[in-house]
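Take a look at the structure set out below.
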Amino acid sequence: MLPGDPHHAPIKMPDYLPRERFQDLLRELECAGYACIGPTVRDGAIVYERLKSVADLPAGITDEQTPGTYRTHSSGGVRQFAWANGPQALKPLLFAPRETLWRSTREPDGTLAFGSATLAQPKLAFIGARACDLAALALQDQHFLRGAHSDLHYGDRRKDLFIVAVHCSHPAQTCFCASTGDGPSAIDGFDIALGELDEGYVAQAGSARGHVMLSVLALPAADQAQIAEVQRQSENAANMQIRSLPGRNLRAALFANLEHPRWQHVADRCLSCGNCTSVCPTCFCHSETEFPQLDGASSEHVREWDSCFTRGHSYIHGLTIRPDTRTRYRQWLTHKLGSWHEQYGRSGCVGCGRCISWCPVGIDITEEASAICVQAP
Ligand code: SF4
Ligand code: SF4
């Protein structure tokens, strides 16, 4: 059973965490041995980094996102989570962009010795996970931990992860988690979920250890007006979303339209840069490369993020199966929204909108899927 499982949580009314006591939550997590990772502003974007104190949080900052655009600016308020999402989710924390999986060395007698490169991982507490991020995390767990072979590197980092989720109250124009059924409220997969109000937070435990953490803080109960306001904010956040996919299972519609002229239409704009797959919290494609020392004494086996938009990704022994952008974009969309249903029982899109904001030419997955699935060629 993974941490954050709601079935482990005793049923209890939510607590109230005053804003001035947020530091106490960070302190108690650190006392329990967790290094706190949370949102902070760096280089004009909200990114997740090690939090030294509550002062690192993006208080009074909000974001504005449109296709191909991401900007932060002052919200004029006191809230620390009045923004939608930045370029990262939990993916880089658990599925490292580049890491050595194993090493081999040549022994004095000429034989090879193989050793794991797994390092002792610090216990991490992730502060500020969004509902879409939790849905993506569940998919990454399914891929890395529940297949025929469990990934030791991902599993090592995942096993002690403590998650403090924050319900979304400020979706971006690019968000569409309500249409995929993954947000804007966090439902499960967290240890503690926070609903932000101007004065503080409504705090709900989602696991036994989340319950213990809130008990240590000895917080007062949230009142009915505070709970109702969090609920109202969530409904408002869902209603504010202007984008949607044309359905939750587009497998049949996509595979019936493999020769649709829209694939070329999108290929004429797409740069095949792979930004969309880098920021996507569910994409897991990678390449593995051997780096031997020139003297033959040792070698490192390295895994790096890859993308279905690179030429090498579909190269097999003398042949590149997807030589052009049309077939690469088609591979991405038909896998993400189509054949994921066979592999993982649902679509691979959680509606975070990152691929729309961070695409340099503003290609919008909801617009492309609608054009291909709804309009006949
Ligand atoms: S496909 Fe785009 S909107 Fe969907 S989960 Fe990935 S980045 Fe988010
Ligand atoms: S869709 Fe956009 S982000 Fe993705 S490869 Fe094409 S240009 Fe890059």
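Everything quoted here is computed from the prediction, not taken from an experiment. Every number for a ligand or one of its atoms is a count from 1 in the order of the listing. Position 1 is the first residue of the sequence; numbering continues from there.
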Next item on the list: Look at the rings of Phe144 and Phe95 and say which category their plane angle falls in: under 30° parallel, 30 to 60° tilted, over 60° perpendicular.
Entry: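 Aromatic pair Phe144/Phe95 classed tilted.
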Shortest protein heavy-atom distance from [atom], along with the residue and atom involved:
| atom | value |
| --- | --- |
| atom 4 (Fe) of ligand 1 | Cys349 SG, 2.4 Å |
| atom 6 (Fe) of ligand 2 | Cys270 SG, 2.2 Å |
| atom 7 (S) of ligand 2 | Leu271 N, 3.1 Å |
| atom 2 (Fe) of ligand 2 | Cys359 SG, 2.3 Å |
| atom 3 (S) of ligand 2 | Cys276 N, 3.3 Å |
| atom 8 (Fe) of ligand 2 | Cys273 SG, 2.2 Å |

Roughly how far, to the nearest 0.5 Å, is the [atom2] atom of [Y] from the [atom1] atom of [X]?
| X | Y | atom1 | atom2 | value |
| --- | --- | --- | --- | --- |
| Cys283 | His143 | SG | NE2 | 10.5 Å |
| Arg330 | Cys308 | CZ | SG | 12.5 Å |
| Arg328 | His313 | CZ | NE2 | 10.5 Å |

Next item on the list: Of the side chain and backbone of Cys355, name the one, both, or neither that has a heavy atom under 4.0 Å from an atom of ligand 2.
Entry: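 The answer is neither; Cys355 stays 4.0 Å or more away.
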[X]: numbered ligand 1 atoms lying under 4.0 Å from its heavy atoms:
| X | answer |
| --- | --- |
| Phe176 | 3 (S) |
| Ile365 | 1 (S) |
| Val350 | 4 (Fe), 5 (S) |
| Gly353 | 3 (S), 8 (Fe) |

Next item on the list: Of all the heavy-atom pairs spanning Tyr329 and Ile365, show the shortest one and how long it is.
Entry: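 For Tyr329 and Ile365, the tightest heavy-atom pair comes out as OH-CA, 4.3 Å.
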Margin query: Testing the basics here: between Asp182 and Val350, what is the closest heavy-atom pair and its distance to 0.1 Å?
Written below: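 Answer, listing the atom of Asp182 first, then Val350: OD2-CA, 3.2 Å.
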Check: Are any side-chain N or O atoms of Gln140 and backbone N or O atoms of Thr282, one a donor and one an acceptor, separated by less than 3.5 Å?
Finding: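 Such a contact is found between Gln140 side chain and Thr282 backbone.
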Next item on the list: Using heavy-atom distances, let me know which of Gly68, Ser278, Gly274, Gly362 sits nearest atom 5 (S) of ligand 2.
Entry: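 Shortest heavy-atom distance from atom 5 (S) of ligand 2: Gly274.
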Next item on the list: Give the numbers and elements of all ligand 2 atoms closer than 4.0 Å to a heavy atom of Ser272.
Entry: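 With Ser272 as reference, the close atoms of ligand 2 come out as 5 (S), 6 (Fe).
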Next item on the list: Can you sort out which atoms of ligand 2 are near Asn275, meaning under 4.0 Å from one of its heavy atoms?
Entry: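 In order of numbering, the contacting atoms are 3 (S).
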Note to self: I need the single residue from Phe190, Tyr48, Tyr34 that forms a ring-ring contact (aromatic ring centres under 6.0 Å, His included) with Phe126. Which is it?
What the structure shows: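 Exactly one candidate clears the test, Tyr48.
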Notebook entry, point to check: Any cation-pi pair here, Arg251 with Phe255, using under 6.0 Å and within 45°?
Noted result: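 The answer is yes; both the distance and angle limits are met.
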Next item on the list: Please determine if atom 4 (Fe) of ligand 1 has an N/O/S atom from Cys352 lying under 2.8 Å away.
Entry: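 Cys352 does not place any N, O or S atom closer than 2.8 Å to atom 4 (Fe) of ligand 1.
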Item checked: Derivation of the side chain to side chain contact (heavy atoms under 4.5 Å, CB included) call for Gln80 and Arg19 -> CA-CA 9 Å; Gln80 289 147 325; Arg19 186 169 300 286; 2.8 Å; yes
